Amino acid sequence: MADHLWLLIILSSLCSISVLGNVFVSINCGASGSYTDENSIVWKGDNDLISNGVTHAVQLNYSISHVMDTLRVFTTRKKNCYSIEAEEGGKVLVRASFNYGNYDQKSTPPIFDLQFDGNFWITVNTSQAKIYEAIYVVKKKVISVCVAQTRPDEFPFISALEVRSMDSQVNSHVDTNHALFMNARVAYAANETIRFPADPYDRIWIPAPGGGALLNVKSDALVINVDVPNKPPQSVLKSAIMAPNTSQMITLGLPTIDYPFSYPLYINWYFSDIQEVNSTNIRSFRVLENNSPFSLPIVPLFGNVTVYHISNMTVTPKTNFSLNPLGDATLPPLINAAEVYSISNALTNGTNNNDVEGLVSLQNAFDVLQEWGGDPCLPTPYFWEWIKCNDDLIPRVTSLNLTGFNLSGPLPDFRDMDALEIIDLHNNSLTGPIPDFLGNLPNLKQLFLEDNQFSGSIPRSLTTNSNLNLSLTGNPLLCTNVKSCPGNGKNNKKTSKLPVILGVTIPIFIIFATIMGFLVLKHNRHITYGPSHAGNVSGGRTRGTVRSDNVDEEGVDEMKESKEERFYSSPSPLLAEG
């Protein structure tokens, strides 16, 4: 179930995108509809992807591009997130872009935090347009990118968001528990920016001409073999900067580092000779760090690429690198392209899966909760407003506070959130029975359910829990007296026996009465039609006397009256006349 955990958060979220196979998502934040740019990249507006935030356009004199001219601003929530489905264990490039563009005409660019998958990324200062990029291995089946407010009245925003799948071998010298944050990616001596479709991973290579005495040169190779793990595009290897002669070196220095210098660096340098050299010519050089030998000799090949990388290196603002020709070199050093990254701290595994699953069940049950996205507890202290979390390495949700959220309907099952200590659901319109599992949460100390529409009896798991502070007032449909509860099990058993008892006793009574009536009737007939004998004399007339040869008519009439009286006074009016 945990394997599908983050997939469920995306299916329940209003700000999610579903993709199959490799991910190639381009979101034009603050825009509606679709737009195809000059690189054949299709951008989708985010109106249908996220319900929170307000859209704006930059001022005309701050325009950068079609995509960077709109933005979505978030004036509510501590953090607001976009969520994108991805392949768990796959490597991705995530790029977030920001252009304040004085959209609010206040000339006060905000500062806020950028986060991904529950990890802190960077503090964004939007005094100028910024593009940030991270490459990492996805731990869940969803990517979340969030902006979080850190200063009063400074509202986070985002202009564009991109996600691209990458081959697992790209930058494979960094383990899967760390991300790479890009500082620079340059194509030396290139005429224009290189990205998709020239680079299938849509890495953006910025032109970097040589300065001073350095030469900008072009390669004679028609095709360059780039079958190396990083797979750089051929376009970035078709040009290079080169020292004018073998007595000069190329000083590379370091680009502007956006991240703390406590983050170690990861660097890729790319070399491809621009001409085919004969055996009498040698292009050979080594990398120096602060003028000290750092690498083995590098001999670039024509029509191929050599990649030299540095991983997990600590640097300072004074650190610089240079390419120094070796003594036997007859050709000067050159370089085609470079990438400089900072290596992140260890990535989090996210909030406990059972808690995430429970929160998803609540979001699925109540639409108003679907506006929250990203990791529920991380990074600290940017947990969702209606929960509290502990500080475990894999945090647990310890409190739910959903009072006054206008929740209606029955409570879903979130029994696996077994670290909960407080549940406050009062002042809503929750219906149905109170779930029994609430009384079995092992750490629950306070449960506030007052002012709802719960019905039925109170679960025994709650009434017998001596460690629980339980509040149930204001639930008019809730049965507080067990003996009088409709549907109570014991009363049902007693009531259900009554039809059986009646069904047995009434027929017995009827049969008994029938038998008694029959016996009485038979007895009377025996007296009336028996042998002749002298009856009682009254007024000189014999009453009820029967003769064998004749019947006294008056006696017969009296007998009939007596017979009718016996019939209607019989125990049951259903007895036939006999």
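Model, not experiment: these values are computed from the prediction.
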Visitor: Pairing donors with acceptors under 3.5 angstrom, does anything connect the side chains of S26 and R164?
Guide: yes
Visitor: Please determine which of D37, D69, T70 meets the side chain to side chain donor-acceptor pair (under 3.5 Å) test together with N28.
Guide: T70
Visitor: Nearest 0.5 Å please: distance from the CD1 atom of I204 over to the CD1 atom of I194.
Guide: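 With rounding to 0.5 Å, CD1 (I204) is 12.0 Å from CD1 (I194).
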Visitor: Nearest 0.5 Å please: distance from the CG atom of N320 over to the CD atom of E289.
Guide: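 That separation rounds to 8.5 Å.
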Visitor: CG/N119 to CG/D375 distance, rounded to the nearest 0.5 angstrom?
Guide: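 The distance works out to 8.5 Å.
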Visitor: Counting only heavy atoms not in K238, do more than 12 fall under 6.0 Å of its NZ?
Guide: yes
Visitor: Testing the 3.5 Å rule here: is there a donor-acceptor pair between the side chains of Y103 and N99?
Guide: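 Result is no, nothing qualifies.
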Visitor: Less than 6.0 Å separating the ring centroids of F116 and W121?
Guide: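 F116 vs W121: aromatic centres under 6.0 Å.
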Visitor: Are the ring centres of F155 and F112 closer than 6.0 Å?
Guide: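 Ring-ring flag for F155/F112: false, centres at least 6.0 Å apart.
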Visitor: side-chain hydrogen bond (donor to acceptor under 3.5 Å, both in side chains) between N47 and R72: does it pass, once the steps are laid out?
Guide: CA-CA 10 Å; N47 280 350; R72 182 173 291 270; 3.1 Å; yes
Visitor: Nearest 0.5 angstrom please: F285 CZ to L331 CG, how far?
Guide: 10.5 Å
Visitor: Check whether the side chains of N52 and T76 place a donor and an acceptor atom closer than 3.5 Å, and report yes or no.
Guide: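 A donor-acceptor contact under 3.5 Å links the two side chains.
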Visitor: Please step through side-chain hydrogen bond (donor to acceptor under 3.5 Å, both in side chains) for the pair N336 and S272, ending with a clear verdict.
Guide: CA-CA 7 Å; N336 304 77; S272 180; 5.1 Å; no
Visitor: Take N171 and Y341 through the test side chain to side chain contact (heavy atoms under 4.5 Å, CB included) and record every step on the way to the result.
Guide: CA-CA 10 Å; N171 301 328; Y341 299 94; 3.8 Å; yes
Visitor: Please name the pair of heavy atoms, one in G53 and one in F74, separated by the smallest distance, quoted to 0.1 Å.
Guide: CA-CD2, 3.7 Å
Visitor: Once rounded to the nearest 0.5 Å, what's the spacing between atom CG of L265 and atom CD1 of I310?
Guide: 8.5 Å
Visitor: Quick check, are the ring centers of H66 and Y35 under 6.0 angstrom apart?
Guide: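 H66 vs Y35: aromatic centres under 6.0 Å.
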